[in-house]
Protein chains: 2
Amino acid sequence: MVLRLAKAGEKVIIGSRQQQKGEDSAKKAREILGAEATVSGMENSKAAAAADIIVMSVPFAAHVDMIKSVVESISPDDIFVDVAVPLSTAVGGSASTALGVWEGSAAQQAAKLLPPKTKIASAFHNVVAESLQDLKRQIDSDVIVCSDSQEVRRVVMQLAEEIPNIRAIDGGRLENSRIVEQITALLIGINARYKVTDAGVRITGLPAKG
Amino acid sequence: MVLRLAKAGEKVIIGSRQQQKGEDSAKKAREILGAEATVSGMENSKAAAAADIIVMSVPFAAHVDMIKSVVESISPDDIFVDVAVPLSTAVGGSASTALGVWEGSAAQQAAKLLPPKTKIASAFHNVVAESLQDLKRQIDSDVIVCSDSQEVRRVVMQLAEEIPNIRAIDGGRLENSRIVEQITALLIGINARYKVTDAGVRITGLPAKG
C-alpha cells in the first residue's frame, strides 16, 4: 500500500516497531519509486503522531498491542483506518477461517481501544497485500470502506481510489466491517481451491460513475 | 428461480404450504414460459419427496419450521440446497444486519435438523429474488456454493450455471456459508446507500473458464 499511495503522490510515512527498520523500508520504497516519491520511516508512535491518516495493517495477533502503542499519538483530527482481519491464524488456526471478535469485528475492537472521538474507518481488507506491494500486478478488486462517519468514509474512499483500478464502495457503518473482514477468509479459501493468489471481490449492480 | 431453472429445461416443482397455492403458482409460471416448460405445484412435503434437488428459499423466521415440515420427505440421495439468510428482519430488525445463528449459519442450522447423511449445500444467497423472477432482468452476480461434499458442490454449481450469466463459485465447506449468507446483509445495505436494487458480488482473480 505504501508503494501504491506514494506513487499516487501521497506523502507516506512507514511506521515500524524500530525507527531504523522504518527508515530502511522507506529507503527501499524510494529506490523502487524514484526521486519524486516522498516516503519516510519512523517508529510507530511517531509515525502515528506525524500522519493525518493512519492506516494500520497488522496480523490480528498483534492488533490490540499495536493500537495500544499508538493510541496516545492519534489526535481527534486524524483518521484511523483499520485493515486488520481476525483470521484464525492468530491462534494457530487456518487462514480460511475467522475468529469471532467480542466487539463484532477487528475495527470495532479498535474503536473500543481508541478515544471515543477518534475518526475510525476500516478498509483494504479484501485486497491482497502482495498485490499492493508489487506495482507490476494489476489490482482487480473493490475496497469496501466502513465508518460511522459519512465524511470519514468519503475521505478514505477517495484515498483508496488513488490506487489505479481500485473502486471504493461505501460499506456503511463500522459494524458492517464484521462482514467485510470475514470476506477475506472466504477469499483465502477460494485462492486455495482455485490455485490462485489474488482472488478479490467486485460489487455489481451499481450505477456507473458519472 | 423457478422461472430461470424451468426455462433452462429443468423439471421444476413449486412447493407451497397449500397444494392449491403451489398449483396456482405453477400455472402462472407455465403461462409465462409457454408450453415447453415443465412446472408443477405441490404441497411442500410432497414436493420435497418428488424432487431430487430441493431448493429451499424462505425468510429466516420460517426456516426451522419449514425444514421440520419436509424432513421426512428428503431421502439420502436427494440434495438439499438452503438459500436462507439470517437477516435481522426475522425478529423485527433491519435487513442490512444479520443475526448470529448458534450453529454458525442458516445452512448449518439446517444440517443440524436434517438426518446426518443428508447431502446439504447452500447457494443463491446473493442473487436478488426479484431479479431471478423477472426474466427480462439481466443477472450480474456469482453464486457461491458451500457444501461439505465436493460432489454436491459440483452438482449445485452446475445447476446454478444453467441460469444465464451466473457463474458458480466453489465456496468450500458448509461452514463457510456463514460468510456467504452475511454478504447478503451487506448487499442490502449497499442497495440502500446507492439507491439500487440489484447489488451483487463477483469474485475476481480466478482463471478464465477453459
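What you see is a predicted model, and the numbers here were worked out from it, not measured in a lab. A, B, ... follow the sequence lines: proteins, then strands. Residue 1 opens every chain.
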Test item: A:Ile203 and B:Tyr194 side chains (from C-beta on) under 4.5 Å apart, heavy atoms:
no
Nearest heavy atoms of A:Thr204 and B:Val201, plus distance in Å
OG1-N, 3.6 Å
Given heavy-atom pairs under 4.5 angstrom as the criterion, report whether the side chain, backbone, both or neither of A:Ile139 touches chain B.
neither
So which atom in B:Ala199 and which in A:Leu206 form the shortest heavy-atom distance, rounded to 0.1 Å?
CB-CD2, 4.4 Å
Within-4.5 Å side-chain heavy-atom neighbours: A:Ile183 and B:Gln182:
no
What's the verdict on side-chain contact (heavy atoms from CB on, under 4.5 Å) for B:Val180 and A:Leu186, showing C-alpha distance, side-chain angles and the deciding distance?
CA-CA 8 Å; B:Val180 186; A:Leu186 185 72; 4.1 Å; yes
Honestly, the part of A:Glu175 sitting under 4.5 Å from a heavy atom of chain B is side chain
With chain B as the partner, which of A:Asp170, A:Val128, A:Ile190, A:Asp140 has the greatest number of non-hydrogen pairs under 4.5 Å?
A:Asp170
For A:Arg137, is it the side chain, the backbone, both, or neither that has a heavy atom closer than 4.5 Å to a heavy atom of chain B?
neither
Among A:Asp198, A:Ile179, A:Leu187, A:Thr197, residue most engaged with chain B (heavy-atom pairs, under 4.5 Å)
A:Ile179
Given heavy-atom pairs under 4.5 angstrom as the criterion, report whether the side chain, backbone, both or neither of A:Thr97 touches chain B.
side chain
Segment of A:Arg202 engaging chain B (4.5 angstrom heavy-atom cut-off):
both
Which atom pair, heavy atoms only, marks the closest approach of B:Val196 to A:Pro207?
CG1-CD, 3.5 Å
Highest number of heavy-atom pairs under 4.5 Å with chain B among A:Ala98, A:Ala185, A:Gly172 belongs to A:Gly172
For residues B:Gln150 and A:Arg193, determine if any side-chain heavy atom of one lies less than 4.5 Å from a side-chain heavy atom of the other.
no
Measuring heavy-atom distances to chain A, does B:Ile169 have an atom under 4.5 Å in its side chain, in its backbone, in both, or in neither?
both
